Amino acid sequence: MGELRPLGEDLTQESRALAEVLRKLFEGLEVSVRRYAARRRRDPGTFSRYLNGTRLPPWPVVMEMLADLAEHRGTTVTAETIEFVRELYGSAFDANSSPKHAVQIIEQQLADADHVSRRSSVRGDVLGDALLDRKHRIADLEVRLNQMEATLTAERERAGQLAAAHPEVSELLGERDVLRQEVTRLGNELQTAQEQRANAEARCDLLERQLEAVERPAALPLLPLPQPQPTPMPKVLVVDDQPDNLLAMTAVLETLDQELVTVSSGREALKALLHHDDFAVIIMDVQMPEMDGYETAGHIKRRPRNRDVPIIFLTAMGVDPEHTARGYAAGAVDYISKPFDPWALRAKVAVFTEIHLERRVGNPTG
C-alpha cells in the first residue's frame with residue numbers, strides 16, 4: 001500500500017479519526033489506490049486526499065468502500081459499522097465547516113470559471129482570425145472570378161455559359177464553396193466560444209458576490225432589501241430524494257429570510273413550480289430515481305414561467321468538467337458538492353436571493 005500518502009498536517013481531531021478508519025478499511029481491500037480509483041472511475045489524486053484526511057469524501061464514496069470491503073471478505077456490512085463510520089463522518093464534517101472552508105470552495109470554483117473564460121477568449125480570438133482569413137480569401141477569389149469573367153466575355157461569344165464551364169473558373173468556384181462552408185463552421189464555433197465566455201464571466205460575477213457574502217461581517221443571515229410595501233417572502237425550492245439531506249439543508253437555510261419548499265422528487269418539483277410563485281433559486285440533487293436532476297432541469301427550462309429561476313445542482317459525483325458541462329447545458333447556473341459546506345450553501349442562496357430581490361424591486365409587476 002505504498003501509494004497511501006501520510007496523514008495530512010494540521011488535521012482536526014475529527015478529520016484525523018475519520019481518515020484513520022478509512023485507511024484501515026481501504027487496506028482491507030488489498031489493492032492500490034490507483035487501481036481502486038480506476039475501478040470506481042475516480043481521480044486517484046482526489047481519492048488519495050480522501051485517505052490522508054485533507055479532503056472530506058462524499059458519503060456515497062465511504063459507503064462504496066464499505067460495500068467493496070464486505071464483498072472482498074465475503075461478508076455483509078453491519079448496521080453498527082455503518083453507524084460508527086457515520087458518526088465519525090458527521091463529526092469531521094461539522095469540524096471542517098467554517099467560513100474559511102467555504103471561501104476555499106468558492107475560490108476554487110472562481111478559478112475554474114476564470115479558466116474557462118480565458119480559454120474561451122483565446123479560442124474566440126483564434127477562430128476570429130481564422131474567420132477573417134477565410135473571408136479575405138473569398139474576397140480575393142471574387143476579384144479573380146470577376147476578372148476572368150470579364151476576359152472571357154470579351155473573347156468569347158456567350159461567355160457567361162462558357163465561363164462557368166472553364167476549368168480554371170470551375171476550380172475557383174469550388175474553392176470558394178469550400179471557403180464559404182468553413183466560414184459557416186467557424187462562425188458557429190466562434191459563437192459557441194463567445195457564449196461559453198459570457199456564461200463563464202457571469203459565473204465569475206456570481207462567485208465573487210458569493211465570496212463577499214461569506215466575508216462580509218454580517219453576511220448571514222441575509223437581510224432583505226427595503227421594500228416600498230409588504231411583499232411575499234421569496235421562496236427556495238429544495239429537491240432531494242433523501243430525507244436526511246432535506247432536513248440538513250432545511251437546518252442550514254432556515255436562518256435566511258426565505259420560505260423553504262422541500263420536495264423529494266423531480267416530479268414533485270415540477271408540481272411545486274406550478275402551485276407556487278416567486279422562487280429565488282432551486283437547489284436540486286443530481287442523482288434521483290425516475291427523473292434525475294438533469295431531466296428535471298430540462299423540463300423546468302422549457303416552461304416560460306420558470307425558465308429564469310436559477311438552479312444550483314447538488315452532486316455527490318464531484319464537480320468535474322464532464323458533469324458541470326452537462327449541468328450547465330441542462331440549465332444549472334451553479335454547483336455544490338456533497339457533503340455540502342453550510343457556509344458555502346448559505347452564501348450561494350443568499351446571493352441568488354439578493355439578485356431576485358433586486359429584480360423584483362426594479363420590475364415590481366414582472
Side-chain angles (χ1 to χ4, degrees), residues 102 105-106 109-110 113 198-240 246 249-263 266 268-285 293 296-314 327-328 330-336 340-366:
I105 292 172
I106 299 173
Q109 291 181 323
L110 178 61
N199 291 336
E201 282 295 310
R203 290 198 294 274
C204 286
D205 291 341
L206 280 171
L207 292 163
E208 287 182 342
R209 289 186 65 163
Q210 291 169 14
L211 285 172
E212 292 173 1
V214 175
E215 294 170 341
R216 69 168 71 107
L220 305 168
L222 173 74
L223 295 177
L225 295 178
Q227 300 293 316
Q229 58 185 9
T231 57
M233 185 183 300
K235 297 180 179 68
V236 176
L237 177 60
V238 183
V239 190
D240 199 304
L246 289 177
M249 282 186 279
T250 298
V252 168
L253 297 174
E254 65 185 1
T255 59
L256 300 180
D257 197 5
Q258 293 119 12
E259 177 183 343
L260 296 181
V261 178
T262 60
V263 297
E268 290 182 14
L270 297 177
K271 290 180 182 178
L273 289 165
L274 285 176
H275 299 149
H276 298 269
D277 288 315
D278 208 32
F279 279 106
V281 64
I282 300 168
I283 305 168
M284 184 152 51
D285 185 29
T296 305
H299 284 296
I300 292 171
K301 293 303 177 181
R302 284 193 289 271
R303 293 179 173 181
R305 178 182 179 184
N306 308 130
R307 65 168 53 128
D308 294 329
V309 181
I311 298 173
I312 301 175
F313 270 158
L314 189 66
Y328 293 137
V333 296
D334 207 344
Y335 261 92
I336 191 164
F340 64 86
D341 181 277
W343 288 84
L345 181 61
R346 282 198 297 266
K348 290 177 182 296
V349 172
V351 167
F352 282 116
T353 302
E354 285 180 348
I355 294 171
H356 176 79
L357 291 172
E358 289 167 1
R359 290 173 177 169
R360 192 164 69 180
V361 170
N363 184 22
T365 61

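All figures in this text were calculated on a predicted structure; none of them were measured in a lab. Numbering of residues begins at 1 and proceeds along the displayed sequence.
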- Query: Counting N and O atoms only, with roles assigned by atom type, does the side chain of Gln109 sit under 3.5 Å from a partner on the main chain of Tyr335, one being a donor and the other an acceptor?
  - Reply: yes
- Task: Please test Ile300 against Leu270 for side chain to side chain contact (heavy atoms under 4.5 Å, CB included), starting from the C-alpha separation and ending with a verdict.
- Result: CA-CA 7 Å; Ile300 292 171; Leu270 297 177; 3.7 Å; yes
- Query: Any side-chain heavy atom of Val349 within less than 4.5 Å of one from Val252?
  - Reply: no
- Rounded to the nearest 0.5 Å, how far apart are CG of Leu211 and CG of Leu110? 6.0 Å
- Could you tell me the separation between the CH2 atom of Trp343 and the CD atom of Gln210, rounded to the nearest 0.5 Å? 15.0 Å
- Partner of Thr262 under side chain to side chain contact (heavy atoms under 4.5 Å, CB included), chosen from Val238, Leu253, Leu237: Val238
- Task: Take Arg359 and His356 through the test side chain to side chain donor-acceptor pair (under 3.5 Å) and record every step on the way to the result.
- Result: CA-CA 5 Å; Arg359 290 173 177 169; His356 176 79; over 6 Å; no
- Query: What are the two closest non-hydrogen atoms of Ala297 and Phe313, and how far apart are they?
  - Reply: CB-CZ, 3.8 Å
- Gap between atom CG of Asn199 and atom CD of Glu201 - 0.5 Å precision: 10.5 Å
- Nearest non-hydrogen partners of Val239 and Gly266, listed with the distance: CG1-N, 4.4 Å
- Message: Contact between Arg303 and Leu274 at the side-chain level, heavy atoms closer than 4.5 Å - yes or no?
- Response: yes
- Query: Stepwise, does the side chain to side chain contact (heavy atoms under 4.5 Å, CB included) test hold for Ile355 with Val281?
  - Reply: CA-CA 10 Å; Ile355 294 171; Val281 64; over 6 Å; no
- Query: How far apart are the closest heavy atoms of Arg302 and Arg307, and which atoms are they?
  - Reply: O-NH2, 4.1 Å
- Message: Name the residue from Lys235, Lys348, Gln258 that meets the side-chain hydrogen bond (donor to acceptor under 3.5 Å, both in side chains) definition with Thr353.
- Response: Gln258
- Distance, nearest 0.5 Å, that separates CE of Met249 from CG of Leu314: 5.0 Å
- Message: Please give me the minimum heavy-atom distance between Leu207 and Ala113, naming the atom from each residue.
- Response: CD1-CB, 4.2 Å
- Query: If you measure from CD1 on Ile312 to CZ on Phe340, what distance do you get to the nearest 0.5 Å?
  - Reply: 11.5 Å
- Item | Gap separating the OG1 atom of Thr250 from the CG atom of Asp240, nearest 0.5 angstrom | 10.0 Å
- Message: Apply side chain to side chain contact (heavy atoms under 4.5 Å, CB included) to residues Lys271 and Val263 and explain how you reach the verdict.
- Response: CA-CA 10 Å; Lys271 290 180 182 178; Val263 297; over 6 Å; no
- Is a donor on one side and an acceptor on the other found under 3.5 Å between the side chain of Lys301 and the backbone of Val309? yes
- Item | Pro310 side chain reached by Asp334 side chain, heavy atoms, under 4.5 Å | no
